[in-house]
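Being a predicted model, the structure only gives us computed values, none of them experimental. We number each residue from 1, following the sequence as shown. Just so it is clear, the values below take in all heavy atoms, side chains as well, and ignore hydrogens, waters and symmetry mates. Just follow the structure's listing: the first ligand is 1, and inside any ligand the first atom is 1.
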Amino acid sequence: MQRKLKKIGVLTSGGDAPGMNACIRAIVRCAIYYGLDVTGIRRGYSGLINNEFQKFTKRSVANIIQRGGTILETSRCNEMFTVGGRKKAIDALKSEGIQACIVIGGDGSFHAADLMDEESDLEFIGVPATIDNDIWGTDYAIGFNTAVNTALDAIDRIRDTASAFERIFFVEVMGRKSGFIALEVGLAGGAEEIIIPEKKTEMEDLCRNLQESFKRGKRSSIIVVAEGNTVEDTINIAKYVEMRLKVECRVCTLGHIQRGGSPTAIDRILASKLGIAAVEGLMNGKAGHAVGEIKGEIVYTPFKSTWENKKGIDEQYLRFLPMLSS
Ligand code: F6P
């Protein structure tokens, strides 16, 4: 950027994630610390297109670090994937005098930001926030840790009733097309099986493993199923197992419970670090990138890489599970 940076915007986009507020707070306070003006853009890209702006002061972000959701609200805006939609967004930013914009969200939101970065003289930087944790360029996205802990709490409770009734429970967790939540929750919750999109699961293998565990004396089981698994709908998996093994099965879909609630300390700290890194990145020529943290270090990954690459799961987890669930 040739001009001196004076005014930045910030918006949250896509699925909300616990810690987004902590990130907004860090961005606003850090920007003001460096003498910048900060404007909040309401309702993600939809709000941007409709000129929904709010001026932020240090006090506007008081008392939000502990709150889930996003005070800016969010949206999924397909119009941003049209040239016309992006032109409206760019014009709105310019008319508000915003020179650079921080986008807190996932890879789809970064994709739109990258296109605007190319199509205008404005600057954009991304902060990864999604409970799915499926963003290339960071070990963890904001919100993932809280979602895992929320789901884990539910699984611990389900285990009590599963063992009281000697049932098999299929617990469906979120994660869109990825199994990060399912893997962490499965390992931490002592699940007998995990069904995720990244690993092929055969129904017959699943039944055989369960049967063997009954022979070893197990009377109840928890099977964590990622919503994006490629085997079957969770209800159908449970029906099949019930019919094949003649055991009582129940399904519990955790759903949006996993997206809400107060962020964990880990998410608040990550959100604060990445928020500051985004402001400092804009001041230091890192526009066109998403910030992230890899092995404890702040990194800046070109936007393009964040959606062109697919983040892989930690294969070790798959090796650990059969050892631990025996
Ligand atoms: O991307 C976050 C996420 O919660 C996914 O895990 C889930 O598949 C999706 O959003 C649900 O989206 P919506 O709230 O729009 O139904």
Side-chain angles (χ1 to χ4, degrees), residues 11-23 42-47 67-81 103-113 126-155 170-186 188-189 194-199 224-235 237 251-264 267 270-271 274 290 292 306-307 309-313:
L11 61 82
T12 48
S13 172
D16 50 284
M20 278 184 163
N21 283 326
C23 188
R42 305 195 64 79
R43 298 179 48 249
Y45 288 129
S46 304
R67 284 172 55 192
T70 157
I71 58 160
L72 281 175
E73 301 177 26
T74 185
S75 60
R76 300 190 197 277
C77 179
N78 291 333
E79 215 182 328
M80 288 304 288
F81 293 97
V103 174
I104 307 171
D107 54 357
S109 309
F110 294 170
H111 195 163
V127 181
T130 166
I131 64 163
D132 302 344
N133 201 34
D134 58 348
I135 308 179
W136 178 270
T138 190
D139 286 342
Y140 295 106
I142 297 165
F144 174 66
N145 183 265
T146 307
V148 165
N149 280 294
T150 304
L152 187 59
D153 179 60
I155 288 190
F170 292 82
V171 184
E172 185 184 286
V173 297
M174 276 189 166
R176 209 171 20 172
K177 295 197 172 80
S178 65
F180 291 99
I181 298 180
L183 264 187
E184 297 245 334
V185 164
I194 304 177
I195 302 179
I196 53 171
E198 293 87 347
K199 182 193 87 168
V224 176
V225 186
E227 63 175 351
N229 84 85
T230 50
V231 184
E232 255 291 2
D233 186 60
T234 309
I235 292 179
I237 299 177
V251 172
C252 181
T253 302
L254 300 185
H256 289 80
I257 284 172
Q258 296 156 96
R259 274 226 313 248
S262 185
T264 57
D267 269 330
L270 180 67
L274 296 186
T306 62
W307 73 84
N309 294 301
K310 182 161 168 54
K311 185 165 160 187
I313 53 161

Does Gly255 offer a backbone N or O that forms a donor-acceptor pair with the side chain of Thr253 under 3.5 Å?
no
Does one side chain, of Asn149 or Asp153, offer a donor that lies under 3.5 Å from an acceptor on the other?
no
Heavy-atom nearest option to atom 10 (O) of ligand 1, drawn from Lys177, Gln258, Arg76:
Arg76
For Arg76, give me all partners under side chain to side chain donor-acceptor pair (under 3.5 Å), at least two apart in sequence or on another chain.
none
Are any of the N/O atoms on Met174, whether in the backbone or the side chain, positioned under 3.5 angstrom from an N/O atom of ligand 1?
no
Is the closest heavy-atom distance from His256 to ligand 1 below 4.0 Å?
yes
Protein heavy atom at shortest distance from atom 6 (O) of ligand 1:
Asp132 OD1, 2.6 Å
Region of Glu227 that comes within reach of ligand 1 [heavy atoms, distance under 4.0 Å]:
side chain
Check: Ser75 side chain, Cys77 main-chain N or O, donor-acceptor pair, under 3.5 Å
no
Tell me, which protein residue and heavy-atom name are nearest atom 11 (C) of ligand 1, and how many Å apart are they?
Arg259 NH1, 3.6 Å
Any idea how His111 and Trp307 line up, ring-wise: parallel (<30°), tilted (30 to 60°), or perpendicular (>60°)?
parallel
